[in-house]
Amino acid sequence: MAASAPTPRATGSQVEGRCGYYVAKKKRFCRMVAAAGKRFCGEHAGAAEGESARKRILCPLDPKHTVYEDQLAKHLKKCNSREKPTPDFFVQDINAGLKDETEISEQLVPISSLSEEQLENLIMKLKKATEGLNSTLRDQIMSHPALHDALTDPKNGDSATKHLKQQASILGNIEKLKLLGPRRCFVEFGAGKGKLSHWVDVALKDAEEVHFVLVEKVTTRFKVDGKHRKKNAVFERLQIDIQHLCLNKIPVLSREKLPVVGIGKHLCGVATDLALRCLVGACGARGEEGNEEPAAKRMKNDTADRETPAVAEEGSYGTVPEQCSPVAGIVIALCCHHRCDWRHYVGREHFRALGLGALEFHYFQRMSSWATCGLRDVPMEVLGGPVRRGDPGADSEEHDGGGHPVTESHAESPPGCLTVEEKKEVGRLCKLLIDHGRAEYLRRHGFRPALQRYTEPAVSPENVLLTAVPHRPCPAPGASA
C-alpha cells in the first residue's frame, strides 16, 4: 500500500517528526509521531514500500486500531479495550429501575404524525398535571467567594464565564444547605473534567476528612484532577455507568462511613434518574427487583407531606423517617429531559397518580426539547416544518464536556398552529412535570426536595437545580449529633 500523495485540496503540510501518511478522508497528514529515522507511524508503517516485512492486523478487541501480528499476544495483555476485572461496586443494573418493559407501547409515532386532536389532548393533560406547580419553582441565583478571582479574570471568554457563574451558584446553594463542610464525601455524577468538585475543594480549603468520588462513564480529556495531587483532599475517579454503581460498596465509603453529598452539573437526562436511585439505594430504601417504592416503607404522613411545598429549607429537617440517612444532601443541575427513559425514570408512581403513563411520558419527554431548541432564528409565525439550527452548539443543552446537539427531537414539528412561544411554554411545562416527579420520588424516601432556578436563562437555558436534604441526616463520624 503506497502512501497517498497530497492533493490540491490538502489542508496543511506534513509536520517534521510526524507521520508522512496523507489521510485522504480527513484531507490532511496523519498527526501521529513517527519513530526516529522512520517516515511513518506504526499504524501506517505498511505504507512505505519495502520498509518492513512485518504485517499489521486489526486488533481483535477493537478493530479501530491495528497491531503487528508477531506482537499480538503481548498487545492483548495491555490493550485498553481488554476486559478488566469487575470492581466490587459494580452491580449489574442495580439502579436500572423497571425491568418489565410491557408498559412501553410499540405503537409510538413521531410527534409530527400526531393529529391536531391527539396533540391538543396531550397538551390538555400536561396543563392539568402541572397546574399550580409554577409556585414551587423559585429563583435561587447565588454565588460563592471561592470563584471570585476566576469570575473576574479578564482572560475569560463568554463560554468560560457562563460555566463559572453556574458553578458559583451551585456552590452557593450547597453552602446554603449547610452541606459544605469537613468530614464529607462528595460524589460528582457525570463528572466530566471534574470542575465542580474542583471548586468545592477550593471552597473547603484545608477542611479535614474530605473525599471526592468522580463518576464518569467515558474517558475524559483535560481533567483537572491533577491539580489536587498535593492537597489534603482525596480524589478518586470511577469510570463506570451510574446504572451499575453501588455507592455502599465503594471502598472509601464502606471504610470511612462519611456522609455523602451527591452533586452534578448538567446531569444528562436519564443519568439524573440513575443517580437519584443510586443515592436512595445508599439509604437502604430500594425495593426488591427494581421496585423502588415499597408500600411498607413509605412515610405514614405521605399525604400530608405532598401538600407541603417542595422546599429544602436551610437546616430544617423534620422528624418523620425512623432512621437517619447516610446521604447528607443532593444538589444536581438538571438538563436534557428529551434523553429521559420511562424504564429508568424515578417519577413513574407520580405519573400514575396523575392518570398518566408510559405513552404520555414518551411524548412529554420528546416535547421537552421545545423549551431549549433554539428557535430565535425562526420567525414568530406558525411552525410549518422542522426546526433546525445551523450551529447546534449555540443553544443546545450544555455540558462541561461540550454540548449535545438535539437532533431528532428538534426535527419533530407538531401539527396544527403552535407559535414559537406556545411551543416553548409546552416544553417548559414538560420539563417541570418530569422534574416534579423526581422531587416526589425523593419526598417519598425521606428527603425534603426543592426545585429552583439557579441561574439566568441567558447564562444557561437549562437553569433548574434539584436540591434535597434528608429529614434526619446521620452525623458525620467524630461530629456532634
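Bear in mind the structure is a predicted one, so any value in this text is a computation, not a measurement.
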Peer 1: Between T130 and L126 (side chain of the first, backbone of the second, donor and acceptor by atom type, cut-off under 3.5 Å), is there such a pair?
Peer 2: yes
Peer 1: In sequence, state the C-alpha distance, the side-chain angles, and the governing distance for L418 and W370, and then conclude on side chain to side chain contact (heavy atoms under 4.5 Å, CB included).
Peer 2: CA-CA 11 Å; L418 279 181; W370 295 353; 4.1 Å; yes
Peer 1: Where do L171 and A203 come nearest, in terms of heavy atoms and distance?
Peer 2: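 What the structure gives for the nearest pair is CD2-CB, 3.8 Å.
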Peer 1: Sequence neighbours left out, what passes ring pair (Phe, Tyr, Trp, His ring centres under 6.0 Å) with F212? Give chain and number order.
Peer 2: F186, F235
Peer 1: Do L214 and L238 make a side-chain contact, defined as non-hydrogen atoms from C-beta onward lying under 4.5 Å apart?
Peer 2: no
Peer 1: Rounded to the nearest 0.5 Å, how far does CD of Q92 lie from CD1 of I94?
Peer 2: 11.0 Å
Peer 1: Would you give the length of the straight line joining atom NE2 of H65 to atom CG of N80, rounded to the nearest 0.5 angstrom?
Peer 2: 8.0 Å
Peer 1: Taking A96's backbone N and O only, do any of them form a donor-acceptor pair with H344's side chain (distance below 3.5 Å, no angle check)?
Peer 2: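 Checking the backbone N and O of A96 against the side chain of H344, a donor-acceptor pair under 3.5 Å is found.
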Peer 1: Pair C185, V213 - check side chain to side chain contact (heavy atoms under 4.5 Å, CB included), show working.
Peer 2: CA-CA 7 Å; C185 181; V213 176; 3.8 Å; yes
Peer 1: Report yes or no: do D93 and Q243 form a side-chain donor-acceptor pair below 3.5 Å?
Peer 2: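 Present: a donor and an acceptor within the cut-off.
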Peer 1: Under 4.5 Å between any side-chain heavy atoms of E175 and H144, yes or no?
Peer 2: yes
Peer 1: Do L137 and V464 make a side-chain contact, defined as non-hydrogen atoms from C-beta onward lying under 4.5 Å apart?
Peer 2: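 Yes, at least one pair of side-chain atoms sits under 4.5 Å.
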Peer 1: Taking the side chain as every heavy atom from C-beta outward, state whether V200 and V202 have any atom pair closer than 4.5 Å.
Peer 2: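 SC-SC contact between V200 and V202 ruled out.
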Peer 1: When rounded to the nearest 0.5 angstrom, what distance separates NE2 in H337 from CZ in R428?
Peer 2: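 Rounded to the nearest 0.5 Å, the NE2-CZ separation comes out at 12.0 Å.
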Peer 1: Does the side chain of I330 come within less than 4.5 Å of L442's, by heavy atoms?
Peer 2: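 In short, these two side chains touch, coming nearer than 4.5 Å.
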Peer 1: Could you go through I170 and I263, starting from their C-alpha distance and side-chain angles, then the distance that decides it, and tell me whether this counts as side chain to side chain contact (heavy atoms under 4.5 Å, CB included)?
Peer 2: CA-CA 9 Å; I170 293 173; I263 60 176; 5.8 Å; no
Peer 1: Any salt bridge (Lys or Arg N to Asp or Glu O under 4.0 Å) pairs touching residues 118-127, not counting sequence neighbours?
Peer 2: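 Pairs touching residues 118-127 that pass the test: K125-E360.
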Peer 1: So, applying side-chain contact (heavy atoms from CB on, under 4.5 Å) with L276, which one of N95, I242, L466, L267 is it?
Peer 2: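 Among N95, I242, L466, L267, the one that satisfies the side-chain contact (heavy atoms from CB on, under 4.5 Å) with L276 is L466.
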Peer 1: Answer yes when D62 and K64 have at least one side-chain N-carboxylate O distance shorter than 4.0 Å, and no when they do not.
Peer 2: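 Salt bridge: no.
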Peer 1: Return yes when atom CZ of R31 has more than 12 non-hydrogen atoms of other residues, nucleotides or ligands closer than 6.0 Å, and no otherwise.
Peer 2: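 Not more than 12 within 6.0 Å, no.
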Peer 1: For the CG atom on N156, are there more than 12 heavy atoms of other groups (residues, nucleotides or ligands in this structure) within a distance under 6.0 Å?
Peer 2: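 Yes - once you tally the heavy atoms of other residues, nucleotides and ligands closer than 6.0 Å, there are more than 12.
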Peer 1: Is any side-chain heavy atom of R438 closer than 4.5 Å to one of C340?
Peer 2: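 A side-chain contact exists here, since the closest heavy-atom pair is under 4.5 Å.
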Peer 1: Taking everything shown except K249 itself, do over 12 heavy atoms lie less than 6.0 Å from its NZ?
Peer 2: no
Peer 1: State the CG-CG distance between L245 and L279, to the nearest 0.5 angstrom.
Peer 2: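 That separation rounds to 9.0 Å.
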Peer 1: Atom OG in S368, atom CG in L429: separation rounded to 0.5 Å?
Peer 2: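 Spacing of OG (S368) from CG (L429) equals 11.5 Å.
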Peer 1: For Q118, does its backbone N or O pair with a side-chain atom of S115 as donor and acceptor, under 3.5 Å?
Peer 2: yes
Peer 1: Is the distance from the ring center of Y345 to that of F351 below 6.0 Å?
Peer 2: yes
Peer 1: What are the two closest non-hydrogen atoms of V346 and Y441, and how far apart are they?
Peer 2: O-CD1, 3.3 Å
Peer 1: Which atoms form the tightest heavy-atom contact between S254 and P251, and what is the distance?
Peer 2: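 In terms of heavy atoms, the two residues are closest at OG-O, 3.1 Å.
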Peer 1: Nearest heavy-atom pair of R184 and A328: which atoms, and what distance?
Peer 2: NE-CB, 4.4 Å
Peer 1: With sequence neighbours left out, what residues match E216 under side-chain contact (heavy atoms from CB on, under 4.5 Å)?
Peer 2: V218, T220, R237
Peer 1: Quick one: does any side-chain atom of R339 pair with a main-chain N or O of C336 as donor and acceptor, under 3.5 Å?
Peer 2: no
Peer 1: Take R444 and E349 through the side chain to side chain contact (heavy atoms under 4.5 Å, CB included) test and state the conclusion after the steps.
Peer 2: CA-CA 10 Å; R444 284 195 299 272; E349 187 169 305; 3.5 Å; yes
Peer 1: Can you give me the closest heavy-atom contact between G181 and L204, atom names plus distance?
Peer 2: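 Nearest heavy atoms, G181 then L204: N-CD2, 3.5 Å.
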Peer 1: Is it the case that the side chain of N121 and the backbone of E117 share a donor-acceptor pair, with hydrogens and angles ignored and the cut-off at 3.5 Å?
Peer 2: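 No, because the side chain of N121 does not come within donor-acceptor range (under 3.5 Å) of the backbone of E117.
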Peer 1: Are K195 and H163 packed together at the side-chain level, in the sense that at least one heavy-atom pair is separated by less than 4.5 angstrom?
Peer 2: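 No, their side chains stay 4.5 Å or more apart.
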Peer 1: Is atom CD of E131 surrounded by more than 12 heavy atoms (other residues, nucleotides or ligands) closer than 6.0 Å?
Peer 2: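 Not buried by this count: 12 neighbours or fewer within 6.0 Å.
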Peer 1: Could you tell me if the side chain of W199 sits less than 4.5 Å from the side chain of Q167, heavy atoms only?
Peer 2: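 Yes. Closest side-chain heavy atoms under 4.5 Å.
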Peer 1: I need the minimum non-hydrogen distance between N463 and T455, along with the two atoms involved.
Peer 2: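 Where N463 meets T455 most closely, the heavy atoms are ND2-O, 3.0 Å.
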Peer 1: Should E462 and K431 count as an ion pair when the cut-off is N to O under 4.0 Å?
Peer 2: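 Answer for the salt bridge query: yes.
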Peer 1: Measuring from L196:CG to Q166:CD, what's the distance to the nearest 0.5 Å?
Peer 2: 10.5 Å
Peer 1: Can any side-chain N or O of S169 pair as donor or acceptor with the backbone N or O of M142 at less than 3.5 Å?
Peer 2: yes
